[in-house]
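A short write-up of the structure that comes next.
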Amino acid sequence: MTTAPALSAKAKPKANGAQQKLWAFASLIVLLLFFSVASPNFMQTSNILAILQATSVNGVLAIAATLVIITGGIDLSVGTLMTFTAVIAGVVLTYAGLPFAVGVVAAVAAGAGCGLISGTLVAKMKVPPFIATLGMMLILKGLSLVISGTKPIYFNDTPGFDQISTGSFVGAIIPAVPLPNGVLILFLLALAIGYVLNRTVLGRYCFALGSNEEAVRLSGVNADGWKMAIYALAGGICGIAGLIIASRLNSAQPALGLGYELDAIAAVVIGGTSLAGGRGSVLGTIIGALIMSVLLNGLRIMSVAQEWQTVVTGSIIIIAVYADMMRRRRLS
Amino acid sequence: MTTAPALSAKAKPKANGAQQKLWAFASLIVLLLFFSVASPNFMQTSNILAILQATSVNGVLAIAATLVIITGGIDLSVGTLMTFTAVIAGVVLTYAGLPFAVGVVAAVAAGAGCGLISGTLVAKMKVPPFIATLGMMLILKGLSLVISGTKPIYFNDTPGFDQISTGSFVGAIIPAVPLPNGVLILFLLALAIGYVLNRTVLGRYCFALGSNEEAVRLSGVNADGWKMAIYALAGGICGIAGLIIASRLNSAQPALGLGYELDAIAAVVIGGTSLAGGRGSVLGTIIGALIMSVLLNGLRIMSVAQEWQTVVTGSIIIIAVYADMMRRRRLS
Amino acid sequence: MTELVRMMGIDKHFPGVHALKSVQFDLVSGEVHALMGENGAGKSTLMKVMSGIYQPDGGSISVAGKTVTINGPRAAQDLGIGIIHQELALMNDLTVAQNIFIGREPRLRFGRLDEASLNAQAEAIFAAMKVRIDPRAEVRSLSVAKQQMVEIAKALSFKSSILIMDEPTAALNDAETNELFTIIRQLKSEGVGVVYISHKMDEIKRISDRVTVMRDGAYIGTVQAKDTPINTIISMMVGRELEAVHVEIPDLSNAPMALEVKGLNRGRLVRNVSFTLKQGEILGFAGLMGAGRTEVARAIFGADKRESGEILVHGKPTQIRTPKDAVAAGIGYLSEDRKHFGLALGLDLRDNIAMASLPRFGNSFGVIDDAKLGATADGYIKTLSIRTPSARQELRLLSGGNQQKVVIAKWLLRDCDILIFDEPTRGIDVGAKAEIYKLLQSLAAQGKAVIVISAELPEVLRLSHRIAVMCEGRLTGILPGGPATSQEEIMHLATLRTDEPTGAIA
Amino acid sequence: QDKPYIALISKGFQHQFWQAVKAGADKAAAEFDVTVTFEGPDTEAQVDKQMDMLAAALAKNPAAIGFAALDSQAAIPMLRKAQEAGIPIVAFDSGVDSDIPVATATTDNAAAAGLAADKMAELIGDAGKVALVVHDQTSRTGIDRRDGFVNRIKESHPNIEIVDIQYGAGDQLQSTEITKAILTAHPDLKGIFGANEGSAIGVLNAIKETGRSEVIVIGYDSGAAQKAAIMDGSMAGAITQNPVGIGYETVKAALMASKGESVPKLIDTGFFWYDKTNMDAPEIAAVLYD
Ligand SMILES: Nc1ncnc2c1ncn2[C@@H]1O[C@H](COP(=O)(O)OP(=O)(O)OP(=O)(O)O)[C@@H](O)[C@H]1O
Ligand SMILES: Nc1ncnc2c1ncn2[C@@H]1O[C@H](COP(=O)(O)OP(=O)(O)OP(=O)(O)O)[C@@H](O)[C@H]1O
Ligand SMILES: [Mg+2]
Ligand SMILES: [Mg+2]
């Protein structure tokens, strides 16, 4: 309780977070530069748009996974939940012939509902997140097949449905930038969830739960309720991913989705979010998802043999995260 | 240092662990009883042997995953590492025509080597286990294809190779119990690793690392070295799984293995091992793996439609773990 | 009296913090050398340098006259340096004996563990310490005090010639502290040099030979404990004189009732506990380790499920099933284990202070007013003198005492009518302690009802208007506060192992 | 990059069938001096991943694209883009429901599976229980082969009962376990049809492990294991397509189209029944692969 200032320099903790993202960003830039030099076909507008388009689904799923991972959980069901919501949209729009808006709402609501179930299992029934969402992953995979009758549901009777993902709202205003709507949705969602995480009570509890759930509970906070809300939000986001992929394929493909959870989680972790919970950012996740898409696209453009693509992707993922670790260790 | 005797009851931490396994065991018994009643074909010796045989690969992989998970890590590479070691065995035995024993040693050594690489990434280079093993999973998947020339390698020139898994050493002695060697290997391995975990220094550090790695480090233990040893051991075990599957299919199938990691991890968690590290048992893992095999076999025998099989499996996994949680909460 | 260690000009920087500024320290055999200083003065950091956990940015260390580089805990152990860390560093999933001998397990051939000998050796250490802990018990199941005992046992098992004790008594009560001092004297006579860190001033006089004082990362001076008055040491530490705090017992006969607890039961450790608490009152809870005070507090707060019992808040029966209900009813609980139950160490100061009151800083859409939150946090940093570079510093980077202040700030901000403080001054320096006493008193003066659970009897006596004493889960009596009650009376009730509650009900 | 470049986007990559297609494509590439790349997603469910591969291929400005659609409708917007860029598309393996592809090199999977059904009926005496182990529940090839088999049984062989259809993802081990469960559940089973190479090997493996050699096994595609099984009698026979031919014809047609030459709209590469008796016949041996 004395006066002497032990603080020789003013710490800038914000800078730390920003810097972290900057570094993941640096990996991304390095990749972009490398591929630009390696292949003249890489840096074309159409290819950049293709990369962004390829990021949209994984990016949205990764945002959902980010929320859950920050609370210290994990969500293995994002992929099949996406498929399930796409099938729900198909049932509502194509089988029941209801209006467009109903389908969109149904998909997102179905996602949020399933997320709420996972959240209840985790928060109230204390099933470990890995198991709760593994179970949900299987259940939703099965239900998607059951509901759809094990065949794709096409959206041919819903004019404009394919515009959700492939149309270009931006392109209609600025013809030079025909950004697909799917990518626009990804960016807007990232902004929104970034805002929620950093500026709202829900976001703050997200970090707090991941950091020390018991302390949150003993602070008189309805920890279970918030956790369920977060899982439900993540589920709703998977619903958006379901709409994007259904629109892109103009169909709900009931068998799709398995394996997508690993891609999403990988994007989250490459983006600097810790699987232990308590720290992470949406911006990092988006950069992580972009790193993965750029890598795959670049290797394809360079006509690297497919088996080697896998080897290189695996190596780069490790190297990118290792570089990030190194930098952080040097800082502290 | 005080007088008040807070120890009115003698703590029995061992009993707790045993009870836990007992409960997972109860789930298994319930399943067995249910299927016995549901289908007359279920409770036949041949079908029980088939279930055991179906457990052998996943069981061995789950034992490997158990080790890593107890240290607080995770191993996503078990499936493709298994494939990689099978391919190595194929190269050594079929392509190079070397003697049987060399192939066996090569597969296990390749597994241990890859495990050591993962371990080094995790322990020395501080890459999070999820990323390190995700990277290895992709790298090994690619390398398996590269090395094998994207085609299966058959073991037709190695007489007796298929006996590793399908022959019956026990049956040769007691004809009434034609236990396949693959299952025998699983049981022996479970005994051995159970012993290592509970009775040796390596096992002790395994639990200690998962419990509080920093404390282990502060105690002057070479935490990194032990961690690497544990990952290498896990890798070696994957090599055994590689031999079992290669022997069973009489070939190294380079495209196989992806997705096997989730089954293995699920078995571990159903068996009561905590993904947070620090607690777990091989016996639990074996029971977890058996629960999964029994479930799938039973549903198939009942000719449940495949999409519903998935739904039921997902639900049972959640219910089994939930029942376990309930009991533990009631105990404490 | 040979020199064991000499540290010269030790410098250590952390991002944003110059933690050690050319500090010197030395230790000779057979002495207890107390290291004193306020929270965040750099005591723990200096000791972590000595035990190889941190590498100094500058300076030299010599052990037994030879200059050494201590590049890790193993190297320190090899040099005969053992340390009891301030923050418990135990493996919760392992048993007591397994924790003590981690890294030095007795082995049979082929790396097999000799579990029997492991447990026997641990048992022997506890016997020597005169403490009853089952070597086979899982550490997770022990109270903080017992875990501290395990840490001490572990350090003793090394048979080090240099033993560093960083606040070993923070979680111990008087009786346990006495036993520890007996052990320390024994070690002293064997020629071991002990570095002793504590915020309990009376212990310094009792146990130490020399005292080194640090302030703000700098070396202030070394004095002989015998010839130096406590006040001199305190003023060296804080750079000014402290005023004494006296308990003034207000007349509360007309004060409205704040909390009534009737027939509270939970397991073996809360047995038929009933008491009342008025607005403006400070009720102290005394008792030995494991008396069940924490359990009573947790049961009232809804953190543990109670078996029976009624709780009335402001005269109204209140259903409290979860901490949320308790906080909604205006009850706040400051846990004794801040690391596990009080703080989110990965978050910054600001968010920890706001944890219980976040919605208050949000608008109707749940958007947080960060400017307001920041200003509030800065306010508490100032009033509680929390030493931190900023309100955005991650909590795990704060010294232990400063972390404790953040927990207090959290509950002050929540503004509850009834506050339960479980060991509020654990690990807090003298200066800050005085501030916290004043704070508790001013809270009571404002009409808040306060419960203080403390293992330090002087603290209970100094603060409480009434003192409740517990033994083995029962409330054995309630004594008046102030000079009217002696420590002996409290100890009598604390060891009263009959079923009849006795003692004057104040 | 003077050589014309042709990108082949297939339905898969790792399986022997696709490797054989790739081999045919590579053969054509060498013969006609063009550069060929060959890619396909990990599973036949990953429709969107195939779109990303197609997008990357388009960015490389190929002279032509060969495309085996996982979902022909879903791919149409992407194919339209290629058409607008003046890149001719040749469909292979299964068709695309659209007039965009200038040619289609394909096998009629449903008819091929129908032939397998007829052979099965013949081998088990036109009565009894049979089961199917199929690789995929939702992919085109999975559905066509399953339905082709089932429908033919229903139409022409009323005394045959299909007791179970299970799906093993083409994974040999999983297909083995599935088959063992089917064999246990139906002790009087007469025959099993394995609808792709992985499934067929799984079935064979299960028969070997259970010793139920009385069960008639019919496979699909070739590969060393199936060929060996047919030789030693554990498999009665199998349907083979002509994957090498598919790959070869696709590249050839793509090259011709890129030069503006006319190509036949449909190139039927055909399918064949092979068993012990005709395996060594030159026209059969030519379409088998290891
Ligand atoms: N790893 C670290 N990173 C950044 N700052 C640190 C770190 N460790 C300690 N500090 C800072 O260094 C200073 C000295 O801390 P130290 O733990 O040595 O204090 P202390 O004297 O032991 O205090 P207390 O009595 O509260 O335990 C404090 O300002 C603390 O915040
Ligand atoms: N989570 C737990 N699991 C098992 N036993 C526990 C747990 N927490 C506390 N105990 C036991 O309960 C007893 C009482 O602890 P409690 O903290 O309630 O006592 P206290 O009077 O507050 O004493 P202290 O001075 O140690 O805080 C201790 O002996 C401890 O071992
Ligand atoms: Mg300290
Ligand atoms: Mg207590």
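For clarity, every value in this text was computed on a predicted model and none was experimentally measured. In what follows, every chain begins at residue 1, and chains take the letters A, B, ... in the order their sequences are listed. Atom set for the values below is all heavy atoms of this structure, side chains included, hydrogens, waters and symmetry mates excluded.
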Tell me which of these, A/Ala54, A/Ala50, A/Pro254, has more heavy-atom pairs under 4.5 Å with chain D than the rest. A/Ala54
Does some side-chain heavy atom of [Y] sit less than 4.5 Å from a side-chain heavy atom of [X]?
X        : Y        : result
D/Asp71  : A/Gln253 : yes
D/Met51  : A/Leu249 : yes
D/Gln137 : A/Leu145 : yes

Nearest 0.5 Å, please: how far is [atom2] in [Y] from [atom1] in [X]?
X        : Y        : atom1 : atom2 : value
D/Asp136 : A/Thr150 : CG    : OG1   : 10.5 Å
D/Asn61  : A/Asn47  : CG    : CG    : 10.5 Å
D/Asp42  : A/Thr310 : CG    : OG1   : 7.0 Å

Minimum heavy-atom distance [X]-[Y], with the two atoms named:
X        : Y       : value
A/Arg300 : D/Ala56 : CB-CB, 3.8 Å
A/Gln306 : D/Glu39 : OE1-CA, 3.2 Å
A/Asn41  : D/Ala59 : CB-O, 3.3 Å

Greater than 12 external heavy atoms within 6.0 Å of A/Phe169's CZ: no
Contact residues of residues 11-34 of chain D (partner chain A; heavy-atom separation under 4.5 angstrom): D/Phe13
May I ask you to decide if A/Met302's main-chain N or O and D/Lys60's side chain share a donor-acceptor pair within less than 3.5 Å? no
Could you tell me which portion of [X] (side chain, backbone, both or neither) has an atom closer than 4.5 angstrom to a non-hydrogen atom of chain D?
X        : value
A/Phe155 : neither
A/Asn156 : side chain
A/Leu256 : both
A/Gln309 : side chain
A/Asn58  : neither

Any residue of residues 288-299 of chain A which, by heavy atoms, sits under 4.5 Å from chain D: A/Asn297
Please rank D/Asp48, D/Leu70, D/Thr138 by heavy-atom pairs under 4.5 Å with chain A and give me the top one. D/Asp48
